Amino acid sequence: MKTSVSPSKSVRYELPQQGLQRNRFFTDIPCCFIFLVFIILFVILSIFAFKEGDPKQLIHPTDNQGNLCGSGKFLDRPYLYFFDWTKCIKALNIPANMLKSRPFVCPTTQVCVQQCPNKTSYYKFGNYYANRICTYDVNATETNNENLVDSGKCAPYIIASKPLFGRCVPEELQSLTNSIIETADDNGENKIVYDSNGQPLNGTSLAQGVKYLIDILNLKQIGAFLVEDLTVSWKYILIALTLASIVSFLWIVLMRWLAKPIVWLGIILFIFALGIATGLAFYEFDQLRKKNDNQIVTEFKFVTDANYYRSLPITWLIIGIILGVLLLISILVLLALLKRLRIALAILKEASKAVGYNMFSLFWPFIPFLLQIAVFVYWAIVAVYLSTSGKPIYRIAYNETVANTTNILLGDICDPNKLNNISSSNSTCVFWQYGYDPQLDLDSILDGTGTHFKSFISFVNQHQWIPQVFSAFMLFWLTAFVIGFSELVLAGVYARYYWDRERSGVPCSSLLASLLRALVFHLGTIAFGSLLIAIVKLIRGLLEYLEEKVKDKTGSIARCVFCCCRCCLFCLEKFLKFLNRNAYIITAIYGTGFFTSARRAFHLIISNPLRLLVIDKVCDFLIFLGKLCVTGAIGILAFFFFTHRIAHAEKYVPELRYYFVPLFLIIVGTYIIATCFFSVYSMAVDTLFICAIQDIQLHESDNDHELVMPKGLKKVFQMKKN
């Protein structure tokens, strides 16, 4: 039965051959101009971030005056010491909404020191002077320890500590619990150590003051282990990704001559690999179950060691069930689409011919891939500098809970030079973080700053959310722009292949010609389409942020509304990507603007549900299977390598704490590389389909028009020979 195509007879368009050959004109110039303006604004924001930000804040600890230990004038003082750990709190009369931005607050003096103390001492003991830790304005000649401690310039006691991520943390906390801290005095007798309030220093309160900070630092330690594993295994990751590039390239090249066998091989390998993985998971489950006396569920706890979860039978049972369900679904889908698979294979075979006539297009995906990496790296650097930009912010915290405490000032911006000099106040002006806040007085801070830059900082100080939102929006827009640019260039290559009746000797310069047309004439069209996607992504991001903020204050109805909104925005984003892709194909053929191309592409889509609902998605599914085969092969090889299961490579395997980190990066990187290569085929399929439908419409509206489509596509659309 002949495929029905509804031609749009109300509007006459020029022939595709004329559109490809005629001189082009600039499209969507206003949007191109807006895009350039936004890029300039992003550069200005980057300059501001580079000038005001300091990524060292993420690495080095900060004393209570905002100085970075181990940096600048404190380069020889890399460690941070807390005067009185008993005052360190998780939440002591601090608003919870503020603690979310700064989870650890300690209203005690903190100074940078050259090394952590290795002895415990008390200021009334004779050995205190040799170990004392004081503020920076205390001279070594000042020997009245009692006055220095009473004025808060020296720590009342010194605890033997060890460095942990730049912080001096008391040693042997477990042994100190439920005990009174004692240390030897001048006569060698053990005497009780007292805190700043004159109370005996209790090991339990000391441990509680330190515990929350240690919990936070332990997370940093896990992060450090991950970074250490990456520094050891980065060479193997690069080797695996290089191998993934070679395998993906060979797969694409072989599809030029062996499209059907390669696709069927991919399907068989996918089903076979999924079956093997399912069997191995259940086999591992059975072995572990027998070792545990046929118990499936044993004692479960959350730990950071991945090997613990590997030793649990329930882990492999869950993995086996998930893989088994995926295997069953895959087999049912393949059986349901068996008839359509033949049509899709014919299309992929024709697409492989188009790719074969333009072999240089196989290397094109590397360019947008590198551009996307460059965009993301630049954005990440700007985001880091932006997140660490700002001025030192101090907020009010209380040293102890008092019944008549006025909570109005709690957490407010304060001046440490004024508030901390008031001895009658039980509050302390605590350094909070570097940043901006509408309550922050910038007049004294920005004294001597240029007028224009001062105005810009003042604006950011009043609206600190705007730079963050704008930065995220530019990331969405730039990445969508790079993807659209790549699609438009490839569409021009394959459209030229289709409408060339000879289909022989298509010059390799077609890629360069399509690239120049996109760069010179159609950047505005790409900017228009990518802008729509960026706006939808930004709305999705803001909605998810709002949902996260109010999730504890909303009921089931509100959560349902949020879920529906997210679902609608997700579907809208997918539809816009699909529409943009086809609009870029029309632009590559006729050189029209975004609205005209999108309208024409939409008419073609709705007049051909066969392509929209079946053929195109089946082709995408087959291409997706090819990507999974490459990703799975490299992932399995990497898994066997890092788990010491390849005997000949045993001596090359690095010692890692978490081998799943390089394994995860290899799998993700391989999938991205495979996607870049296979995107050439995906774009070829879409372009040939749009051109074929346009060809059929021209034939049905004008009997004098001879079909240009290749024989393979005529069989797909069941068109009779003229």
Side-chain angles (χ1 to χ4, degrees), residues 226 229-256 258-259 261-281 284 306 310 316 319-320 322-323 326-327 330 348 352 355 362-366 368-370 372-373 376 620-682:
L226 297 180
D229 286 344
L230 290 178
T231 57
V232 173
S233 60
W234 68 269
K235 295 180 180 179
Y236 303 97
I237 296 175
L238 288 181
I239 292 174
L241 295 182
T242 303
L243 181 61
S245 302
I246 296 173
V247 173
S248 299
F249 181 76
L250 291 177
W251 190 288
I252 293 297
V253 171
L254 289 176
M255 284 186 67
R256 167 64 183 88
L258 304 170
I262 290 295
V263 172
W264 278 114
L265 177 64
I267 295 173
I268 295 172
L269 286 178
F270 173 74
I271 297 297
F272 180 76
L274 205 54
I276 291 294
T278 304
L280 287 175
E284 195 74 20
R310 286 178 55 196
W316 294 101
I319 294 175
I322 294 174
L323 292 176
L326 290 177
L327 177 62
S330 301
L348 286 175
S352 66
V355 173
L362 286 175
F363 301 96
W364 167 252
F366 279 110
F369 177 63
L370 294 176
Q372 288 196 69
I373 292 178
F376 180 78
D620 289 343
F621 177 70
L622 295 178
I623 293 174
F624 175 70
L625 287 184
K627 292 187 287 187
L628 284 185
C629 287
V630 175
T631 304
I634 301 298
I636 291 173
L637 182 62
F639 173 78
F640 282 119
F641 175 77
F642 286 115
T643 54
H644 303 268
R645 300 189 183 187
I646 302 178
H648 297 289
E650 180 72 23
K651 61 180 180 180
Y652 301 105
V653 181
E655 293 297 329
L656 304 174
R657 288 185 174 88
Y658 306 106
Y659 74 87
F660 64 84
V661 176
L663 180 62
F664 174 78
L665 293 178
I666 288 173
I667 292 175
V668 173
T670 300
Y671 184 80
I672 293 174
I673 291 174
T675 300
C676 289
F677 279 101
F678 283 86
S679 65
V680 175
Y681 265 85
S682 180

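Every value quoted in this text rests on a predicted model; they were computed, and no experiment measured them. Index from 1, following the sequence.
Interatomic distance, Ile373 CD1 to Ile672 CD1, rounded to the nearest 0.5 Å: 7.5 Å. Atom OH of Tyr236 is separated from atom CG of Leu241 by 15.0 Å, given to the nearest 0.5 angstrom. Once rounded to the nearest 0.5 Å, the distance linking CD1 of Ile319 with CG of Leu280 reads 11.0 Å. Here the straight-line distance linking atom OG1 of Thr278 with atom CG of Leu327 works out to 5.0 Å at 0.5 Å rounding. Going from atom CD1 of Ile267 over to atom CG of Leu628 covers 12.0 Å, rounded to the nearest 0.5 Å.
Other residues, nucleotides and ligands place no more than 12 heavy atoms under 6.0 Å from the CZ atom of Phe624.
For the pair Cys629 and Leu269, the tightest heavy-atom approach, listed with the atom from each and the gap, is SG-CB, 4.1 Å. Taking every heavy atom of both residues into account, Gly635 and Leu663 meet most closely at O-CD1, 3.6 Å.
In this structure, Val680 and Ile252 have side chains that are not in contact, with every pair of non-hydrogen atoms separated by 4.5 Å or more. Contact annotation: the side chain of Thr631 approaches that of Ile667 to within less than 4.5 Å [non-hydrogen atoms, C-beta and beyond].
Using the six-membered ring where Trp is involved, Phe366 and Phe677 have ring planes that are perpendicular, over 60° apart on the 30 and 60° scheme.
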Please evaluate residues Ile623 and Leu348 with respect to the criterion side chain to side chain contact (heavy atoms under 4.5 Å, CB included), reporting the C-alpha separation (whole Å), side-chain torsions for both, the decisive distance (0.1 Å), and the verdict.
CA-CA 9 Å; Ile623 293 174; Leu348 286 175; 4.1 Å; yes
